[in-house]
Structure formats: C-alpha cells, structure tokens
Amino acid sequence: MSTTTTTIDGYKLGKVLIEGKTKQVYNLPEHPGLCLLLSKDRITAGDGVKAHDLAGKAQISNTTNGQVFRLLNEAGVRTAYVKQCGEKAFIARRCEMIPIEWVTRRLATGSFLKRNVGVPEGYRFSPPKQETFFKDDANHDPQWSDEQIISAKFELNGLTIGQDEVDIMRRTTLLVFEILERAWQTKNCALIDMKVEFGVDDDGNIVLADIIDSDSWRLWPAGDKRLMVDKQVYRNLTSVTSTDLDTVKRNFIWVSEQLADIVPRKDHLVVILMGSASDTSHSEKIASSCRSLGLNVELRVSSAHKAPEETLRIVREYESVMTNLIFVAVAGRSNGLGPVLSGSTNYPVINCPPVKSDNMQVDAWSSLNLPSGLGCATVLYPEAAALHAATILGLSNFMIWSKLRVKQLNNFVTLKKADKELRGVRNV
C-alpha cells in the first residue's frame, strides 16, 4: 500500500511488513530488530465483513494499547512493546507471529455459548477457561486443540512450536488475563474475556505481541452486561449509523480514561529493623529483594535489648503515618527484636535472623520459640523475607501481586527450557 508518510516521531519508515484490517506494521531500517505498528481509523467485525471508518479510533486504540502494555511491562511480563511513538503508533521488537489467538474467559458469553449449547450465560470459570483459534479469516478462525498446534510444527525465528512452547503460552495467557482482571477490579469493572497473540523475537524467545485495546476484550462496568463498553457494542449492531459510531467511540474513550487512572499504589512500606549495624549486609539483601518486587523499603538500626524505648519509638513513628506496614526484624543470637515488635504492634512482623553455619540452630530457635500470644513469622533467607512481605501487601495491591505471579511464571519457564535442553536418551 502506497503512503506519503515517511517518518513518524523521528523514526524513518521502511517497507510495510504486514497490513491488517486495523493496522500496518513497518520495518525501521535505521533501528534493526524494531518495527513500528500504526493503527488505522477503522473498526471491523465478523472477519472484516462489517467495517466502518471511525475518526479518532487510531489514537484511542494506540493510547489504550500503550497503557495496557506499560502495566504489563511494569509487572515484568515479557512483551514485544517498547514505547509509544506519536499519537497513532508504537515501537515494538520485531517478531515472527505465531498464528494462534489465545482466548481467556472468566464468564461464558458470546461465541462460547453457541459452541457449547446448554451452558448458561454468565457461567463462571474458575480457573478461567482458555481456548485457542487458528488465525484464518477465510475459515472464520477455527478453534484448534493443543494437538493441532503442536502438529502444525510452526517454525519461527528458529523456534519450533511444540508442547513446551504451548505450555508457556498457556500459562502466560492466563497470567496476562489475571493481571488485567485485577487492574480493572480497581475501577469496579469486570474483565469478562480477552484475546492475545504471541510472537517469537530474534533471540527465539516467546513474547506477548500485537495489540491489546478495546477490540481485544469484553469489559462490563460493575459486572453488568448492559453497561458493556467494548467492541461487542459494535458487533451487536444490525445497522450502523453515525450516532452508533459516536457511542462506540465514546465507550472506547471512556476505557482509555479509566486505564489512565489505574496507577499502582505506593501506599505501603517495609521497615527492615536490624539490631546492629553489623547486620547491614544481610538487611541490604532483604531490601534488594523487596525492591525487585516493587516494595518501598527503609532500613533502621535499633536493639530491643539495648535500646527498647527507642525501638518502640521507631515503631510508633511508622504506625502514625502508614497503614500498609510490615516490619522485618534482623537480629542474631538471642532474637528479642522480632518478639518485642510482634508484642507491640498489630502490623505483620517477619523475623529473618542473619544466621551463620556455626550457630544456625541456636539463632533460628531464638526466633521460632516465641512466648504465647505472639505471631511473628520466621524465614532464614533474605529473598524469602521479601516474598513473604510481598505476599501480604499483594492482597491489596494488584501490581505487587502481579510481580509475584510473573516471578512464578519465570520459574516455570526456566525449568521448561532447562528440561527441554537436557531431556532425551543419551549414549555415553
């Protein structure tokens, strides 16, 4: 397709790599490994059978997509998205796209009901239901099984899509849905279902790719289908007037405005209280692990044995200004710090003594053998203290919860890749 556009926001455009119903993908000759996705002022449904121009949609779609991918990137999800580029485009890592749509459903509605007669609308899937569809407009994107995907032996950037890759995409799809579901819950909106796609980057890694906007999901404010604000409003129209298109556009704008207000809260604090400055190295390891999970951290020094009044003053100082507060007690030998904190505050206390191999049993026992009526937890490793704190704070903070889920996914992917590399019969 010819175009007079040669640059966008300083990026020189090369040839069109792909052109879809609602976007164009350009090569960026001056930026190897990157491409530019340019949205169109176009809305379609039914494999393109229904289609209309919709002025302003490209900008709204691009804004929405950027908001979604920035949230996912902050959580640590591996995506192709790099940054927004002007009002209607964004920069992404170049990928070879896997021709499968991954659909995740929390409630039964839409095409699922037609394919599964007898299931009532609103049936809740726990865990969410996952389905896969082969991208083929001519045959209306037929549903595919795992076996069909594996048997197709798609090879992209040197990676053959097999069972391991399907397992990774399935888990990632579920993770993406649950992150965005929790994000939308902060706006009293129910994410009903959504679709995503994956690509394989130049290094052979599977990454979340393409676009996620109001074409990608069903979204019901207050969980009420009658209030839907997604593309289903357009799909349901038997005839389309300019007034109808204005309604669709207003819905899309509303979604983008709501996303702009979904900002992960920073109203929490993990206070690492060490009994001696000699515990600084151990405490810094805890702090580093906390920060990797998006936790706010402060380090303080005070001894429950040598300066009990000052220790309690520090506790009261934080209690007076914070509501989401966790104390991590770092004290060896006779650990009085953790129990004193636990007996003096209603906020969670985690013991993480700096144990050494020559006195591990004694040091750990002084943290475990608590007087009755106290409930502080004890862990031995700095990462475990951070994970425990994040688990507590993640109950009310979707981004912290998301980072924990991403960490679990990364553990799974690492094991999958290691097993794939080593499995098989070997002749010594």
Side-chain angles (χ1 to χ4, degrees), residues 64-84 171-187 189 191 196 205 207-208 212 258-274 280-300 318-319 321-330 345 347-352 376-377 379-414:
T64 300
N65 176 72
Q67 291 163 328
V68 171
F69 271 100
R70 283 191 291 273
L71 279 177
L72 295 174
N73 283 349
E74 182 177 349
V77 178
R78 180 171 286 179
T79 79
Y81 183 89
V82 176
K83 66 174 184 175
Q84 191 163 321
R171 289 218 180 190
T172 305
T173 299
L174 179 59
L175 170 66
V176 169
F177 179 87
E178 291 182 334
I179 289 174
L180 295 178
E181 181 181 45
R182 285 183 174 247
W184 275 115
Q185 284 172 353
T186 67
K187 306 301 292 184
C189 286
L191 183 60
V196 298
N205 296 310
V207 295
L208 186 70
I212 300 176
Q258 296 302 304
L259 278 168
D261 288 336
I262 298 178
V263 179
R265 299 198 311 272
K266 297 291 185 181
D267 59 344
H268 67 271
L269 185 63
V270 177
V271 179
I272 301 173
L273 193 56
M274 63 191 93
T280 299
S281 176
H282 185 76
S283 298
E284 287 286 6
K285 291 177 183 177
I286 300 172
S288 178
S289 292
C290 283
R291 293 186 187 105
S292 73
L293 294 168
L295 307 186
N296 301 323
V297 186
E298 281 197 25
L299 281 73
R300 300 294 297 268
Y318 289 106
E319 287 180 330
V321 295
M322 299 299 300
T323 55
N324 290 324
L325 181 62
I326 294 177
F327 292 99
V328 177
V330 177
T345 183
Y347 289 99
V349 176
I350 303 168
N351 292 312
C352 188
C376 46
V379 297
L380 296 182
Y381 302 107
E383 183 188 34
L387 288 170
H388 190 34
T391 301
I392 296 169
L393 293 170
L395 294 172
S396 58
N397 187 305
F398 83 89
M399 183 54 69
I400 295 173
W401 181 92
S402 299
K403 287 177 180 287
L404 287 169
R405 287 282 283 110
V406 169
K407 188 175 181 65
Q408 292 173 341
L409 173 66
N410 290 341
N411 290 339
F412 173 80
V413 172
T414 298

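For the single chain, residues carry numbers from 1 onward in sequence order. All values derive from a computational prediction rather than experimental measurement.
Taking all atoms of both residues into account, the shortest heavy-atom contact from Ala390 to Leu293 is CB-CD1, 3.8 Å. Nearest heavy-atom pair across Ala385 and Val328 is CB-CG1, 4.4 Å. Between Leu175 and Leu409, the shortest heavy-atom distance links the atoms CD2-CD2, 3.4 Å. When every heavy atom of Lys403 is checked against every heavy atom of Ser292, the shortest pair comes out as CD-O, 4.4 Å. Heavy atoms only, all atoms of each residue included: Pro264 and Met399 are closest at CB-CB, 3.6 Å.
With sequence neighbours left out, the side-chain contact (heavy atoms from CB on, under 4.5 Å) criterion links Ser288 to no other residue. Under the side-chain contact (heavy atoms from CB on, under 4.5 Å) criterion, Thr345 pairs with Val315, Glu319, Phe327, Tyr347, Val349, not counting sequence neighbours. Listed by chain and number, the residues in a side-chain hydrogen bond (donor to acceptor under 3.5 Å, both in side chains) with Asn73 are Thr79 (sequence neighbours excluded). Checked against salt bridge (Lys or Arg N to Asp or Glu O under 4.0 Å), Arg291 has no partners two or more places apart in sequence or in another chain. With sequence neighbours excluded, the residues satisfying side-chain contact (heavy atoms from CB on, under 4.5 Å) with Thr186 are Ile262, Phe398. Every residue two or more places apart in sequence or in another chain that forms a salt bridge (Lys or Arg N to Asp or Glu O under 4.0 Å) with Lys407 is listed here: Glu383.
Distance check, rounded to the nearest 0.5 Å: CD1 of Ile212 to CD of Gln67 gives 12.5 Å. Interatomic distance, His388 NE2 to Asn351 CG, rounded to the nearest 0.5 Å: 10.0 Å. The CD1 atom of Ile392 lies 4.5 Å from the CD1 atom of Ile350; values are rounded to the nearest 0.5 Å. Taken to the nearest 0.5 Å, the CD1 atom of Ile272 stands 10.0 Å off from the CD atom of Glu298.
At most 12 heavy atoms of other shown residues, nucleotides or ligands fall within 6.0 angstrom of atom CZ in Arg171. The environment of Arg70 atom CZ is dense: over 12 non-hydrogen atoms of other residues, nucleotides or ligands sit within 6.0 angstrom. Counted within 6.0 Å of NZ on Lys83, heavy atoms from surrounding residues, nucleotides or ligands total 12 or fewer; the atom is thus considered open.
For the pair Phe177/Val196, no side-chain contact is recorded, criterion being any heavy-atom separation below 4.5 Å from C-beta on. In this structure, the side chains of Ile179 and Arg405 stay at 4.5 Å or more apart for every pair of heavy atoms.
Here the rule is side-chain contact (heavy atoms from CB on, under 4.5 Å) with His268, and of Ile326, Leu325, Ile400 only Ile400 fits it.
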Worked verdict on Ser402 versus Glu74 for side chain to side chain contact (heavy atoms under 4.5 Å, CB included): CA-CA 9 Å; Ser402 299; Glu74 182 177 349; over 6 Å; no

